[in-house]
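Data first, discussion second: the structure below is written as structure tokens.
This is a predicted model, so every value here is computed, not measured.
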Amino acid sequence: MTNQNWHKQILEIHQALENFQLKEAFDYLHSWIQSLQNWLLEEELNELELTYKAMLSYFSKGVEDTQQDKVYHDLLRSSYKLADGVLLQYQIKNSSSFYFDKKRIFKQHESEHNLKNLSISLDDIIGKQALSSLLENENDLSVSLHKDLETIARQIFDFVWLNDDLDKDEWNILSNLLSNHSNPFSVQCLIVTGLTLGLLENFDANKIELLLETCENSHQEVRQRAIVGLLLVFRKYDKRLYLYPEIDNRLMHLSENKSFVKSVVNIILQFIISKDTEKITRRITEEILPEMMKLNPGLSKKINLNDLISDSGIDEKNPEWKNLIEKSGLNEKLQEFSELQMEGADVMHSSFSHLKSDRFFNEISNWFLPFSLSYSEFLTPSGKQEMNEIVEMIFQSSFLCNSDKYSFYLSLKQMPESVRKMMSGQFTADSMSLSELQKSELPNPEKQVNNIANQYIRDLYRFYKLHPRRTEFEDVFEYGKEFYQSGMIFKLIDDKSYLWIIAEYYFNKNYYKEAAEIFDDLLKKEPDNYVIFQKRGYCKQIAGQIEDALNNYLAAEALHPANSWTLKKIAYCYRILKKPEDALLYYRKVEQLHPDNLSIQLNIGHCFLELKNYKEALNCYFKVEYIDKNGSKAWKPIAWCSFLTGKYSQSLDYYNKILEKNPEGHDYLNIGHTYLAMKNIKQAIDYYVLSVRYWGSFSKFQETLNIDMPDLMTVGVNHTDIPLILDLIKYELNKA
């Protein structure tokens with residue numbers, strides 16, 4: 001079976017179980033088990049299928065069975081577990097991925113990785129370290145013990161990561177390792193990461209329960225890692241978690257802890273920050289401009305599309321929103337999270353991306369090892385004498401994640417001694433400055449918590465983006481599902497204030513699709529909040545879903561009439577939908593609020609122009625020219641309307657004004673049209689030639705001329721003359 005077919009069938013089995021299609025799932029599993037030739041799995045599947053058939057038999061006979069829901073529930077749970085086991089056996093046998101390469105080696109030496117023995121060895125090392133600290137010349141022994149500790153920590157990590165299914169004894173040992181204060185927190189951190197990475201490979205309810213328990217760990221770094229892991233796992237296995245009420249009950253207990261929920265929100269925000277921010281300018285050029293061009297490909301240049309966009313504020317967010325947030329009291333909560341944005345941008349990723357080739361990173365656990373001054377290599381005489389100041393400075397840094405701190409240290413070690421000494425002096429000076437700055441700041445425990453979560457997420461980012469075999473892991477930063485889309489996670493954040501914070505974060509980072517989905521949830525809580533309709537409408541507008549945007553803007557108007565921003569958006573949507581009469585109605589409403597607004601007068605004129613009411617359009621454009629000190633914004637539409645109404649002399653006057661400034665290809669084309677309508681063929685040809693030369697393309701000129709043909713025929717140009725005109729232009733171009 002090819003990898004492609006294998007992944008396809010995995011998805012089909014999971015989809016069948018998610019859709020409660022047990023027979024289909026059983027059929028798939030029969031095929032897989034036969035290829036594995038595993039009679040134990042075959043027997044387990046047959047028992048499940050017999051139970052299911054018996055349940056169906058009772059159901060078909062109309063027999064009331066009070067246990068049916070429980071039986072069905074247990075069947076689904078067992079079917080998922082069997083499917084996991086079958087897929088796992090297949091992957092161990094056939095997969096060449098990094099994880100299963102490691103897993104096969106682990107299986108071969110499983111007896112050497114007994115968790116109980118590892119735990120005993122850890123206790124022994126901790127006891128020897130305590131005794132070593134009492135000795136006078138303890139350095140050599142201390143370094144040796146730290147190396148032993150690091151080896152045991154890696155072995156425990158590997159066990160947790162590669163173990164298929166924790167049994168009760170193993171669960172208890174790990175629970176004790178995580179809760180015992182005498183154990184180094186670095187070991188506890190690696191256990192949590194091992195649980196997370198293992199769960200992302202294979203589902204294990206026992207591991208999830210251990211993560212849930214660790215979310216109440218007394219050590220903040222361990223706790224934050226557990227919460228990050230929990231969110232990643234809940235997002236991945238969202239479709240099956242309902243089958244484990246014990247997990248739901250434990251989560252509900254945790255949800256009563258406000259600091260836990262606040263950490264959940266912080267972590268969700270950090271993952272939003274980790275996305276590549278989409279530039280608003282790219283949205284304008286790739287999404288908004290094409291929408292505007294749909295108005296009328298030719299007309300857009302007659303009225304100066306650039307002026308229209310800048311004046312109408314198509315992409316402008318409502319300036320009132322900021323004031324409304326401040327008045328609502330939500331501003332304080334948003335301010336609480338604002339520092340995340342300041343510190344959240346991962347500016348160091350590119351700087352350290354090339355420093356992950358050191359053999360230190362051959363051990364997968366080292367990608368997640370907390371940076372510690374007690375790391376064995378820092379305790380060697382050379383390390384302590386030459387690099388103590390640098391290590392201290394790195395340790396204090398809140399801008400570098402653990403992985404980057406090790407990268408930095410390891411790269412410095414490769415430098416000549418003279419360079420290291422120079423950098424050491426610089427680092428010492430910087431360290432003193434930083435220390436003074438920190439002393440001047442009030443302690444902020446919440447900021448420290450945010451930094452811990454942020455650094456760990458960056459460690460994960462480095463692993464998933466830079467590990468040599470990263471393509472063999474499912475990248476948690478490219479996962480197609482957002483955290484709020486998981487039912488379990490949504491229960492935690494299903495509070496008006498938290499939803500607002502997350503929605504605003506998506507909205508302000510220009511992730512409009514995600515913001516719109518959360519605004520949908522907020523509408524269920526605040527159906528009469530016109531701001532939600534405004535913002536949801538804006539999200540849909542930017543996404544190009546104009547009708548949906550219009551409906552939201554209309555709902556906002558119904559709740560809060562006479563809001564000029566909403567009225568302008570409604571008018572804009574009607575124009576995009578080619579309903580200039582409706583657009584005109586709303587621009588008139590805005591005009592009553594802002595009678596001398598240039599943008600509104602221009603847009604009213606444009607609506608009349610689209611309705612072919614050139615007289616009224618000209619009145620509006622002349623008003624703009626009168627109000628505007630410069631007056632140039634109205635010149636193009638005045639010149640075009642004058643041309644369409646047969647006022648050729650007036651049209652030429654305005655086109656000549658335009659030519660004195662910065663004429664474009666369309667301007668030469670339009671003045672050529674005017675001379676053509678006046679039967680001045682020679683002048684028309686001269687300007688048409690200028691238009692071709694401006695564009696550097698005869699085909700573009702001809703394409704634009706064809707768009708203008710209906711208007712040319714309206715003013716009396718004979719369509720049979722056009723081929724002659726085109727040939728005259730070609731001959732004129734050949735002269736040059």
Side-chain angles (χ1 to χ4, degrees), residues 284-286 288-309 575-576 578 580 602 605-606 609-610 612 614 617 621 632-648 651-652 654-736:
I284 293 174
T285 56
E286 293 182 4
I288 298 175
L289 283 178
E291 283 296 332
M292 287 303 299
M293 292 300 289
K294 291 177 185 177
L295 286 171
N296 184 320
L299 181 61
S300 61
K301 289 298 180 181
K302 314 305 177 187
I303 61 178
N304 197 341
L305 181 60
N306 291 330
D307 284 344
L308 171 60
I309 289 174
R575 286 200 63 210
I576 291 295
K578 301 190 188 305
L602 271 174
H606 299 336
L609 181 56
E610 289 166 23
K612 301 191 184 302
Y614 305 126
Y621 295 140
S632 60
K633 288 186 177 182
W635 289 353
K636 287 191 180 186
I638 290 174
W640 184 247
C641 282
S642 298
F643 162 73
L644 291 173
T645 53
K647 299 176 181 178
Y648 303 130
S651 178
L652 287 176
Y654 279 91
Y655 276 127
N656 284 325
K657 288 182 180 181
I658 294 166
L659 293 179
E660 289 174 4
K661 289 210 163 188
N662 295 308
E664 299 175 337
H666 279 279
D667 300 320
Y668 295 125
L669 177 78
N670 295 338
I671 197 169
H673 290 343
T674 308
Y675 279 116
L676 184 62
M678 296 170 66
K679 310 297 183 186
N680 189 337
I681 306 299
K682 185 179 182 306
Q683 282 284 74
I685 298 300
D686 288 343
Y687 282 104
Y688 285 151
V689 168
L690 288 173
S691 180
V692 174
R693 286 176 177 160
Y694 181 91
W695 281 320
S697 167
F698 185 84
S699 60
K700 181 172 181 179
F701 167 82
Q702 188 171 353
E703 179 185 338
T704 311
L705 182 67
N706 290 337
I707 292 172
D708 290 349
M709 275 305 300
D711 292 321
L712 290 174
M713 292 172 69
T714 299
V715 298
V717 174
N718 192 332
H719 73 278
T720 59
D721 293 343
I722 298 303
L724 305 178
I725 297 293
L726 292 173
D727 280 343
L728 281 168
I729 295 169
K730 289 175 182 176
Y731 277 118
E732 195 64 30
L733 288 168
N734 286 339
K735 288 181 182 179

Using the side-chain contact (heavy atoms from CB on, under 4.5 Å) criterion, which residues pair with [X]? Sequence neighbours excluded.
X: K661; value: N630, S632, W635
X: A617; value: F608, L609, Y621, C641
X: L728; value: I681, I685
X: E703; value: none

List the atom of [X], the atom of [Y], and the distance in Å for their closest heavy-atom pair.
X: Y668; Y: P663; result: OH-CG, 3.3 Å
X: A684; Y: L676; result: CB-N, 3.7 Å
X: L602; Y: K633; result: CD2-O, 4.1 Å

A side-chain contact here means heavy atoms from C-beta on lying under 4.5 Å apart; do [X] and [Y] qualify?
X: L669; Y: D708; result: yes
X: T674; Y: Q683; result: no
X: I725; Y: I729; result: yes

Kindly write out the residues that satisfy ring-ring contact (aromatic ring centres under 6.0 Å, His included) with Y687, not counting sequence neighbours, or none if the list is empty.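 By the ring-ring contact (aromatic ring centres under 6.0 Å, His included) rule, Y687 matches Y675.
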ring-ring contact (aromatic ring centres under 6.0 Å, His included) with Y694: which residues, sequence neighbours excluded?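 For Y694, no residue satisfies ring-ring contact (aromatic ring centres under 6.0 Å, His included) once neighbours in sequence are set aside.
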Under the rule for side chain to side chain donor-acceptor pair (under 3.5 Å), what residues qualify as partners of S697, not counting sequence neighbours?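 Scan of S697 (side chain to side chain donor-acceptor pair (under 3.5 Å), adjacent residues dropped) gives S699.
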List for me each residue that meets side chain to side chain donor-acceptor pair (under 3.5 Å) alongside Y688, sequence neighbours excluded, and say none if there are none.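 H673.
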Name all residues meeting the salt bridge (Lys or Arg N to Asp or Glu O under 4.0 Å) criterion together with K730; count only those two or more places apart in sequence or in a different chain, and write none if there are none.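 With sequence neighbours excluded, K730 shows a salt bridge (Lys or Arg N to Asp or Glu O under 4.0 Å) to no residue whatsoever.
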Residues in salt bridge (Lys or Arg N to Asp or Glu O under 4.0 Å) with K682, at least two apart?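 Result, salt bridge (Lys or Arg N to Asp or Glu O under 4.0 Å) vs K682: D686.
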Kindly indicate, with the supporting measurements, whether the criterion side chain to side chain contact (heavy atoms under 4.5 Å, CB included) is fulfilled by I658 and E664. CA-CA 9 Å; I658 294 166; E664 299 175 337; over 6 Å; no
Could you grab the distance from atom CZ of F701 to atom CG of L726, nearest 0.5 Å is fine?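 F701 atom CZ to L726 atom CG measures 6.5 Å (nearest 0.5 Å).
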Do side-chain atoms of S651 reach the backbone of A639 as a donor and acceptor pair under 3.5 angstrom?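 Such a contact is found between S651 side chain and A639 backbone.
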So, the side chain of S642 versus the backbone of Y648: is there a donor-acceptor pair under 3.5 Å, distance only?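 Not a single qualifying donor-acceptor pair exists.
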Carboxylate-amine/guanidinium contact E610 R575, below 4.0 Å: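 A salt bridge is present here (some side-chain N lies under 4.0 Å from a carboxylate O).
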If you apply the rule side chain to side chain contact (heavy atoms under 4.5 Å, CB included), what do you find for L705 with L712, and how did you get there? CA-CA 9 Å; L705 182 67; L712 290 174; 3.8 Å; yes
Worked check of salt bridge (Lys or Arg N to Asp or Glu O under 4.0 Å) between E732 and K735: CA-CA 5 Å; E732 195 64 30; K735 288 181 182 179; 3.4 Å; yes
Just grab all the side chain to side chain donor-acceptor pair (under 3.5 Å) pairs involving residues 719-728, residues at least two apart or on different chains.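 For residues 719-728, and leaving out neighbouring residues, the side chain to side chain donor-acceptor pair (under 3.5 Å) pairs sorted by first residue read N718-T720.
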Take T714 and F643 through the side chain to side chain contact (heavy atoms under 4.5 Å, CB included) test and state the conclusion after the steps. CA-CA 10 Å; T714 299; F643 162 73; over 6 Å; no
Between H666 and W640, does the ring centre distance come in under 6.0 Å?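 No.
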Please report the C-alpha distance between V717 and D711 in whole Å, then the side-chain angles of each, then the deciding distance to 0.1 Å, and finally whether the side chain to side chain contact (heavy atoms under 4.5 Å, CB included) criterion is met. CA-CA 9 Å; V717 174; D711 292 321; over 6 Å; no
